[in-house]
Structures are given as structure tokens and as C-alpha cells.
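Note that the structure is predicted; figures quoted are calculated from it, not measured. The residues of the chain are indexed from 1 along the displayed sequence.
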Amino acid sequence: MPYRRPMPEPLPLSPTIPTRRESGLTARHLSPAVAEVAAFLLEVRSRVDRMLTAAPTLTARRKPYPQGYCLEITRAVLAAISAPASAAARHPGAVALQAFQSRGGRIRLVWGALRGRYFQNAMQMGDLYVDVANDTVDVTKPKIEILPMAESGLEAIRSPAHFAEIAGRYWGASMYANHALPALAPLFPLIGAIPGSPPRPHSPNIYMTALIRRSRFALSTEWIAAAPEAPDDVV
């Protein structure tokens with residue numbers, strides 16, 4: 001029998017291809033109730049908005065809420081719908097989510113590049129892409145967006161060069177090779193200069209560090225060899 005190399009474990013926060021079982025659970029419990037799930041999530045989002053706008057850290061942000069609060073909103077909604085009180089709620093959307101989860105369906109926080117333009121935090125529910133912070137870049141958009149995962153345009157970041165490409169489009173950032181802090185360069189091969197913020201190494205999130213470690217730091221070596229050096233003021 002030919003040897004088959006086992007598939008690598010998905011990286012933390014990476015969008016994944018649902019299993020056949022998860023696709024079946026999505027089709028049975030979530031797809032017929034998308035409108036109800038969206039309505040329930042909107043109710044939860046309203047509670048989260050009240051909680052976050054009362055947080056003392058809000059005044060430290062440069063932009064008014066909810067702009068830039070994608071991660072905080074997504075985490076708070078995920079925590080709320082995972083709480084026992086939510087599981088017992090009789091809202092039809094909550095009932096659909098409970099049925100999906102109780103039979104083995106997963107609801108996960110995911111992160112990646114959205115449609116080649118943004119870094120995006122969202123949730124993956126089986127075959128569905130669920131954005132509960134859809135208004136954090138453009139406040140005129142609906143707060144909730146639910147799409148088939150295959151149609152969402154969310155993809156995993158492939159390399160430091162891909163990260164730099166999205167950072168340039170989304171943040172207006174200039175990304176350089178990290179020659180300034182060589183002890184950190186294997187794990188943080190980029191230095192980013194984002195308008196209005198001090199330069200810093202990138203990127204200290206669990207997905208990017210796991211991606212680089214899986215490559216045995218080859219991705220860092222490739223980026224540092226090819227990327228521009230940072231100017232003196234950035235260094």
C-alpha cells in the first residue's frame with residue numbers, strides 16, 4: 001500500500017475546509033435558518049455594543065466605535081453565544097445554533113485576508129462565513145453578514161509577502177525586512193511602518209508565528225532576502 005503523508009493540522013485561526021459531517025450539519029441546521037441566526041446574532045451584537053462602548057479603553061482608540069473593533073466584537077459575540085444562558089435561549093436562531101453545536105458542529109474564530117483587501121476576523125460555522133462586525137471598516141454596512149464560506153473571499157495568509165501586500169492595502173503600511181532586530185527576525189521578519197503608529201515588528205499573532213514556524217523559518221529567510229531595508233528613521 002502506498003504511503004500517504006498525513007495532512008498537516010490546520011494553523012490556529014486558519015479558515016478550514018469543512019468535513020463532510022460539518023457540511024451535513026450546516027445544511028440541516030443552519031442553512032434553512034440563516035435569517036433567524038442573523039437576527040439572533042444582531043441581538044447579541046447590540047448587547048456587545050453596549051458593553052464595549054462602556055469600556056474605559058474605548059477612549060484610547062483613534063477612531064470612533066465600531067471602527068477598528070473587529071476582533072473585540074467578534075470575540076465578545078462568540079463568548080456570548082457560547083455561554084450557557086445563550087444555549088438555553090428560545091430565539092429560533094439560538095435554537096439552530098444549539099442544534100448545530102450539540103451534534104458536533106464547530107463555531108470557530110478565523111482570521112485571514114478578505115477579498116485581497118483587508119485583514120479580517122470572523123467566525124466559521126461549518127460551511128458558513130459569519131461576520132458579526134461587518135460595519136467596522138464602513139459603518140454604513142449591515143452589522144451582520146452570513147455567506148457560504150466558499151463565496152466569502154476569506155483566505156489564509158500564505159507568507160510574509162502576502163501579509164505585507166494586505167497590510168499595504170488595508171493599513172497603508174510600508175513593510176520592510178527586519179534587519180534592525182536580528183534576534184527577533186526569524187519569528188518576526190517584517191518591520192511595519194503604519195501611518196500614525198510607531199514602527200514595530202510583525203506580526204505577533206498566533207497564526208503568523210505558527211505559519212513561520214511550520215516553514216522552519218524558510219518563509220522568514222525568503223522575505224528578509226527579498227524585501228527592502230527599512231530607512232534609518234524606521235530603524
Side-chain angles (χ1 to χ4, degrees), residues 7-49 66 69-158 166 170 205-207 210:
M7 293 291 290
E9 286 292 316
L11 294 171
L13 303 181
S14 176
T16 57
I17 299 174
T19 64
R20 183 178 299 179
R21 175 175 173 75
E22 286 182 318
S23 294
L25 290 171
T26 306
R28 182 177 180 183
H29 299 290
L30 298 184
S31 296
V34 163
E36 290 82 2
V37 170
F40 172 63
L41 293 175
L42 186 59
E43 288 188 9
V44 176
R45 170 66 196 275
S46 296
R47 297 199 298 270
V48 165
D49 287 344
Y69 274 79
C70 178
L71 178 59
E72 291 86 351
I73 291 170
T74 305
R75 280 178 170 168
V77 172
L78 181 58
I81 66 177
S82 301
S86 293
R90 300 318 300 168
H91 190 291
V95 172
L97 291 175
Q98 181 183 9
F100 173 74
Q101 289 184 283
S102 67
R103 288 160 178 81
R106 294 183 302 162
I107 299 177
R108 307 173 50 239
L109 180 66
V110 292
W111 175 84
L114 185 66
R115 301 162 196 149
R117 297 176 60 194
Y118 312 109
F119 293 120
Q120 178 72 2
N121 296 283
M123 286 187 270
Q124 181 172 353
M125 300 182 181
D127 275 340
L128 296 180
Y129 164 88
V130 180
D131 183 2
V132 295
N134 190 48
D135 58 335
T136 55
V137 174
D138 181 350
V139 296
T140 66
K141 287 185 175 182
K143 293 183 177 184
I144 310 295
E145 181 177 55
I146 301 178
L147 296 170
M149 200 71 193
E151 299 175 14
S152 68
L154 184 69
E155 62 175 335
I157 297 291
R158 300 183 296 273
I166 303 303
Y170 185 28
N205 72 34
I206 60 172
Y207 175 85

| message | For residues 17-41, which residue pairs pass the salt bridge (Lys or Arg N to Asp or Glu O under 4.0 Å) check, not counting sequence neighbours? | response | Glu22-Arg106
| field | For Phe119, all residues meeting side-chain contact (heavy atoms from CB on, under 4.5 Å), sequence neighbours excluded | value | Trp111, Ile157, Phe163, Ile166, Ala167, Tyr170, Trp171
| Under the side-chain contact (heavy atoms from CB on, under 4.5 Å) test, which residues partner Ala122, sequence neighbours left out? | Val110, Gln120, Tyr129
Under a 4.5 Å cut-off applied to non-hydrogen side-chain atoms, are [X] and [Y] in contact?
X	Y	result
Lys143	Asp49	yes
Ser14	Tyr207	yes
Gln124	Pro18	yes
Val139	Pro66	yes
Leu71	Leu109	yes
Met149	Pro15	yes

Drop me the distance from [X]'s [atom1] to [Y]'s [atom2], to the nearest 0.5 angstrom.
X	Y	atom1	atom2	value
Asp127	Leu147	CG	CG	12.5 Å
Glu145	Leu41	CD	CG	12.5 Å
Thr74	Asp131	OG1	CG	6.5 Å
Met123	Arg75	CE	CZ	13.0 Å
Leu13	Asn121	CG	CG	7.5 Å
Asp138	Thr136	CG	OG1	9.5 Å

If every non-hydrogen atom of [X] is compared with every non-hydrogen atom of [Y], which pair is closest and at what distance?
X	Y	answer
Val37	Ala96	CG2-CB, 4.1 Å
Leu114	Ser152	CD1-O, 3.3 Å
Thr16	Pro10	CG2-CB, 3.7 Å

| request: Could you go through the side-chain contact (heavy atoms from CB on, under 4.5 Å) check for Leu30 and Leu97 one step at a time? | output: CA-CA 7 Å; Leu30 298 184; Leu97 291 175; 3.9 Å; yes
| message | Could you walk me through whether Ile81 and Met125 satisfy the side-chain contact (heavy atoms from CB on, under 4.5 Å) test, starting with their C-alpha distance in whole Å, then the side-chain angles of each, then the deciding distance to 0.1 Å, before giving a yes or no? | response | CA-CA 12 Å; Ile81 66 177; Met125 300 182 181; 4.2 Å; yes
[Y] backbone acceptor or donor facing [X] side chain under 3.5 Å:
X	Y	result
Ser82	Ala79	no
Gln101	Ile107	no
Arg45	Ile73	no
Asn134	Pro142	yes
Arg47	Val77	no

